[in-house]
Amino acid sequence: MDYKAYNRKQNLGRIHLKIKLHWWLGPMLLLLSVPAVNGQPAGGASGPGKTVMSIDTGWQFREAGKTDWHRATVPGCVHTDLLANKLIEDPFYRDNEKKQQWIGKTNWEYRTTFKVTPQIMNREHVELVFEGLDTYAEVYLNDQLLLNADNMFRTWRVAAKQALKAGDNTLRILFRSPINEILPVMAKLKYQLPAVNDQGEKTSPFTRKAPYHYGWDWGPRFVTSGIWRPVALQAWDDARINDLQVVINKISGAAAQLTAIVEIEASGSKAATVVLENVTTKVDAGRKEIKLNKGTNRVSFDFTISRPSLWWPNGLGAQPLYTFRARTLVNNKITDRKTTRTGLRTLELRRQRDNAGESFMFVINGVPVFAKGGNWIPSDSFPTRITPEKYRYMLQSVRDSNMNMLRVWGGGIYEADEFYELADELGILVWQDFMFACSMYPANQEFLDNVRAEAIDNVKRLRNHPSIVIWAGNNEVETAWRNWGWRQNLPASVWDDYVKIFHGVLQEVCDAYDPSRPYWPSSPHGGLEDDPDSKRSGDVHYWEVWHAEKPFSEYEKQRTRFMSEYGFQSFPNIETVKYYTLPNERDIESPIMLAHQRHPRGNQLIREYMLREYPKPKDFESFLYMSQVLQAEGIARGTEHLRRIMPHNMGALYWQINDCWPVASWSSIDYFGRWKALQYYAKRFFNDLLISPTVHDDNLQIFVVSDRVKAVPAKIKITVISFDGSTLKTLERALTIAPLTSRSYFDSNVSEFLEGQDQKRVFLYVELLVNGKVVSSHDYFFAPFKELKNSKPTITPEIIATKERGKFRVRLSADKFAKAVYLAVRDHDGFFSDNYFNLAPGREMVVDFRSRAPLSLEEFRKRLQIRSVFDAF
Ligand code: BMA
């Protein structure tokens, strides 16, 4: 599908970055909160065994070659350090991004001093461990070069003793510009490797650094440098535990059979004891007397857990987790310990031949799981700003919206441990891409070795997480090669290089280090057929809605097996727009608004789709609001179809959940965590029991989709309501909702059912009731909104105080149909339990508001704004 390549090509010429050297760019707009430093005094943490001393204080940085040093935060990066020192303005404000491109073309130096005690010096091994250096880093300890790093995604461990001394030590790291590093490499090549989203010199394919740092069609270009994950000094004797892996061999109701593998690094041959504890059940899982050899040793323990508590994805059950701890002892003294946590579940990616091709479904503990969720990008351009609280808020939002899967997309980062720990706790399955996207890559031996080491580091780090259910090689590289015009313009050897990485190295690493999960070379990939975009097998990214301007109704023609991407853009809320604009820039075509809209045809497409359905919104704020309603309706339409055709299709992951800065994008939650309309709609269209009406060829069908494993007695209520507010017809039907099924429970010819009513004056309202309670409801219009003969409803709110401080309740009703009712509290942040909902006459809606800052009932009453679609024109 060349339209996408075309879009992206257009994107390339759009941004010309001027490189200026600015040290002082005026007042900083975003106040950075400096993370708490928990450095330990040198040598102070020497408990039994290994001593770990984090090196996270006293850091300074400067532009290489300059004299002045400034305070730095580690982990962190140069942009956030410049910002904290007021040396640059907030990169996200207005078009500051353009003025800050010099940073990526500059070399930076970081340094700190730390004290080392004689006791540490007496240990057998003293190592420096860097969990993340971004990216081309020369590490000097007391001016001795210890390490030359070249991959942001690897952990670097180096012996440091020979350069270390008791007393003060200086650690200095020089980061060479990742852009300048590659320019001479590229100059020697006869062709350019495509990198459609790299908004600069296209150096990104050559560097193992987060692809989105170079810009994307929703992201700014901040090619940052820095120490982005913790640094520590580790001192140990005899034996150190490198890794603790827990493998599930078999699970039955009676017992789970597991193997734990402890990987031990030893100084020499020594007798040792290895103990494995099940911390959760408080039982020792094993103890072994062994002889260690110099180098890497592996000790495994087979053990069982009787009556295991199974781990389930969100919606299907609980998420019990088991913690295990291994320790090594030499001469009866503990030399090291390591803890890990996992969940007990079975996993199968069921790919079974059928009449239509081949299925693609995840089966957990024997239950086929319809994957409901979206694509995840890094939640900040500067990943060290993603706090554990932000991760928790975002993943809790995902869970609260009835989702059960996120795809960690290949253009970002392998997320921090917290992300996967939360996914485990909240039952969010993770589709994990390796970090390659929308580019072709080199495959010389050095690059392949680097990729192999990166893959081993990350697979080993993440493989105990029950949430992860698949490894995928890359995002859209296969489809780009075949369908975006690349293969016609590049030598065939570029494809050979692709095969080496995505069918060679990554496949081999997954087979060797994690055979428990499937490896999928690319997303999308065809499976049965040699066509990455095949709808008969494998996963699909469907982009003809949006990129090819096809109507939303096209979604309903896609009979895919697993949709891992589809999406539509919207603008963020006005409060978010206020953050990056001045009042006179609040026009979607203003240069500043365009700086925060990275898709060249984004505004045009939103406008075009909107005018197909709606009249022109009356002002800027109404346009922002309507863009969200439009996005939510479009994605709802696509998603409900994907659920209705289950089990033929077993996944709906829309593009995209989150943003890395404030921007117009496909996201459903904006950079500041504000839910867009789509997030609220998602909560409804992903509900485990869904009522979904659809009309084809004048034939109305009402589907009920169930993700529950048990049959549910229920009732459907079908009402025909006139836009003047009167109820014309009501019909009720009792049914038993079949488990894990989608089925139509009502079938009728539309004209007959409406008994001659004017289809533009009435609408259908359907409700699904379980135990007398509405669990899912849906409106259905027989014409585009702009053609309907409707009139403005009066919405009556009743504001109720609650016992909880900062929590208010609003009960709403309307005399006529109110669509996408939106509540906001002017100039105040907080969270509404529901929003952008429909209000049918005679129904009531109760929503709670939780304020983020103190707010009186009086103030709440004064600031509360309520609008619906009818107010937008
Ligand atoms: C998908 C993603 C991203 C991109 C999005 C919107 O292909 O994988 O590369 O941001 O489409 O164009």
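Here the structure is a predicted model, which is why all the values come from computation and not from measurement. Whatever order the structure lists them in is the order used to number ligands and atoms, beginning at 1.
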Phe568 vs Phe552, ring pair (Phe, Tyr, Trp, His ring centres under 6.0 Å): CA-CA, chis, key distance, verdict: CA-CA 10 Å; Phe568 194 87; Phe552 289 128; 5.1 Å; yes

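- The Trp216 neighbourhood of ligand 1 comprises atoms 3 (C), 4 (C), 9 (O), 10 (O), with distances under 4.0 Å to a heavy atom of that residue.
- Ion pairing between a basic and an acidic side chain is recognised when a charged N comes within 4.0 Å of a carboxylate O; Arg407 and Asp433 show such pairing.
- Remark: ligand 1 and Asp217 share an N or O pair separated by less than 3.5 Å (distance only, no angle test).
- Contact annotation: Trp409 has at least one heavy atom less than 4.0 Å from an atom of ligand 1.
- The shortest separation from a heavy atom of Cys438 to ligand 1 is under 4.0 Å, placing the residue in contact.
- Annotation: cation-pi pair Lys390/Phe672 absent, no NZ/CZ under 6.0 Å from the ring centroid and within 45° of its normal.
- With distances taken over non-hydrogen atoms, the option nearest atom 8 (O) of ligand 1 out of Gln569, Arg598, Glu565, Gln656 is Glu565.
- Put simply, part of His547 is less than 4.0 Å from ligand 1, judged by heavy atoms.
- Close N/O approach between Glu476 and ligand 1 is found [any backbone or side-chain N/O within under 3.5 Å].
- Relative to the six-membered ring of Phe92, Arg385 meets both conditions, a distance below 6.0 Å and an angle of at most 45° to the axis.
- Between Trp409 and the options Trp218, Tyr212, Phe436, Trp376, a ring pair (Phe, Tyr, Trp, His ring centres under 6.0 Å) holds for only Trp218.
- The atoms of ligand 1 that sit less than 4.0 Å from any heavy atom of Asn475 are 8 (O), 9 (O).
- In this structure, Arg684 is positioned above the aromatic face of Tyr681, its NZ or CZ under 6.0 Å from the six-membered ring centre and within 45° of the axis.
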